[in-house]
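Each chain gets a letter, A, B and so on, in the order its sequence line appears, and its residues count up from 1. Worth knowing before you read on, the calculation uses all heavy atoms, side chains too, and leaves out hydrogens, waters and symmetry mates.
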Amino acid sequence: MRDVAIIGVGMIPFGRRDEDTLVDMLAYASMHALDDAGLGDKGVDAVYVANMGGGILQHQTAIASALVDRLSLLPAAADTVENGPASGASAVKNGVLAVASGYYDTVLVAGGEKMREVTGWKATDFVATLTHPEVEYPYGITLPGMAGIFTRLYMEKYGLTREMLVAVAIKNQAMGALNPYAHVEMLITREGILDSPHSVVNNPAMADPLHLYDACPVSDGAAALILCPLEMAQELTKNVPILVAGFGQATDTHALQEREDPTDLKAVTLAAQQAFKRANLKPSDIDVAELHDAFTILEIAESEHVGFFKKGEGGKAVLAGKTKLGGQIPINVSGGLKARGHPVGGTGVAQLVELTWQLRHELPKERQVKNAKTGLSVNFGGFGNNVLCFILKRGGK
Amino acid sequence: MNEIKITAYKCKKCGHIHYPKHERCLKCKSREFEELKPEGNVKLLAYTQQFNLPWGFDERFLIIGIAQFENGVKALGQIKAESLGGIKSGMTMKPSWEPVRYVYGEPVYGLKFEPL
Ligand SMILES: [Zn+2]
């Protein structure tokens with residue numbers, strides 16, 4: 001197998017993008033990535049497009065075929081990858097395997113979603129279609145509802161507090177305010193969402209014990225990256241190549257009720273273990289992480305399950321500042337899903353774009369993890385029933 | 001009282017109880033199952049009060065929980081309560097089979113739990 005490098009990345013600002021179609025957004029992000037790699041006037045061998053909802057939300061299918069045409073990348077091979085909210089990392093995985101195997105040399109991976117053109121009602125229902133169609137979906141359970149159930153169990157088992165959840169929200173929105181690609185660029189205070197009488201109005205319950213500010217926004221957006229064999233990176237691009245040092249993917253029961261211990265996110269643990277093994281690294285070797293904080297609880301739980309902290313210690317670590325920029329392990333310096341936004345099919349790609357910028361040391365000082373050499377991402381599909389973890393490394397092996 | 005139309009599957013080899021159905025046992029991969037009907041009251045294992053409901057629900061909120069029947073079957077259902085006051089993990093509830101949502105005016109039946 002060949003080592004695979006990310007040689008170009010691109011993103012468009014997430015948010016509400018009424019003027020753009022789904023394919024517009026994918027095309028803009030892809031062109032940024034092609035130009036960044038220096039392949040803007042050339043082609044690629046294959047394209048993988050991550051998208052969860054085109055068929056439901058836009059009544060459009062075969063998105064990858066539409067994108068290669070739009071980008072004049074014909075006759076490149078093209079596939080759409082749908083794997084729920086983990087579609088992004090799944091598409092990158094497929095691209096990595098294709099290059100590693102020697103079958104393709106240059107691959108474009110683009111991920112995106114257009115969610116704001118339907119009502120919040122419909123968007124919530126769309127995401128809920130990933131729940132079990134017989135034993136979950138008919139009851140009206142949503143992803144926030146599952147996260148609420150999970151959070152209460154975590155509180156009961158580990159003594160997690162709302163104060164810890166609020167600390168994640170404040171940290172990530174503070175970082176989002178520095179990120180021009182973020183959907184939410186607004187600072188929040190503990191007083192405004194937890195302590196003052198106004199907090200009841202500002203931050204109503206969403207899925208008890210989770211509140212509005214525990215959740216990511218519903219976003220439009222897209223991100224893209226270019227892969228090639230590490231050995232070809234130098235001849236193709238001027239950028240510092242970023243090695244895909246390892247990835248892992250694991251699954252868990254579809255229905256939440258069938259997990260022996262629902263607070264144990266087995267797929268996160270297994271995906272991370274595989275990625276660390278492949279990369280020959282351990283959690284303490286990681287300099288920066290992008291975790292899937294669709295809800296604040298998930299950043300805390302994932303930080304424990306990948307091995308940054310012991311079970312039950314993640315919330316305390318946030319309060320102690322260990323996960324902020326300059327801390328022991330900076331998490332979601334981009335603002336995370338919480339502030340950058342969560343266009344579901346785009347998220348897994350966006351996380352790796354952000355890590356690439358971090359590892360190339362290209363971000364403005366206030367958002368750059370100093371001298372970062374290794375990065376880790378978790379892209380959390382379903383309610384933890386399909387999870388991918390990637391580890392990237394600066395400058396080759 | 002409507003019959004609770006749930007069928008769980010108990011592995012004949014290791015005894016693990018499945019709901020919903022699987023082709024092979026989650027624990028031991030055996031393909032032999034005995035059908036199992038849920039029995040008795042339920043114990044509440046986990047719950048939430050969920051606002052911002054999906055398309056198709058007119059209620060202001062739903063209280064949803066995962067509960068375990070006396071014979072071990074675990075299932076998700078809607079909890080009949082006006083608020084979370086009095087709802088606690090570990091409490092006993094009475095299960096019933098009632099409409100849990102309406103699709104184009106037609107009821108969809110499912111599990112409801114009533115605190116005792
Ligand atoms: Zn068995």
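- For Leu153(A), the part sitting under 4.5 Å from any heavy atom of chain B is the side chain, from C-beta outward, and nothing else.
- Proximity of a side-chain donor or acceptor of Asn386(A) to a complementary backbone N or O of Gly381(A) within less than 3.5 Å is not detected.
- Interface remark: Ile66(B) contributes side-chain atoms only to the contact with chain A (heavy atom separation under 4.5 Å).
- When heavy atoms are compared at a cutoff of 4.5 Å, His254(A) does not approach chain B at all.
- Neither the backbone nor the side chain of Ala128(A) has a heavy atom closer than 4.5 Å to any heavy atom of chain B.
- In this structure, chain B has no heavy atom under 4.5 Å from any part of Thr119(A).
- Under a cutoff of 6.0 Å and an axis angle of 45°, Arg60(B) and Phe51(B) do not form a cation-pi pair.
- Using a 4.5 Å cut-off between heavy atoms, Tyr19(B) touches chain A through backbone and side chain atoms alike.
- Geometrically, Arg101(B) engages Tyr137(A) in a cation-pi contact defined by less than 6.0 Å to the ring centre and at most 45° from the axis.
- Looking at Ile17(B), the atoms closer than 4.5 Å to chain A (heavy atoms on both sides) all sit in the backbone: N, CA, C or O.
- Taking the six-membered ring wherever Trp is involved, the centroid distance between the rings of Tyr9(B) and His22(B) does not fall below 6.0 Å.
- Neither the backbone nor the side chain of Ile63(B) comes within contact range of chain A; no heavy atoms are under 4.5 Å apart.
- In this structure, chain A has a heavy atom under 4.5 Å from the side chain of Lys27(B), while its backbone stays farther away.
- Looking at Arg17(A), Lys122(A), Gln58(A) one by one, the single match for side-chain hydrogen bond (donor to acceptor under 3.5 Å, both in side chains) with Glu117(A) turns out to be Gln58(A).
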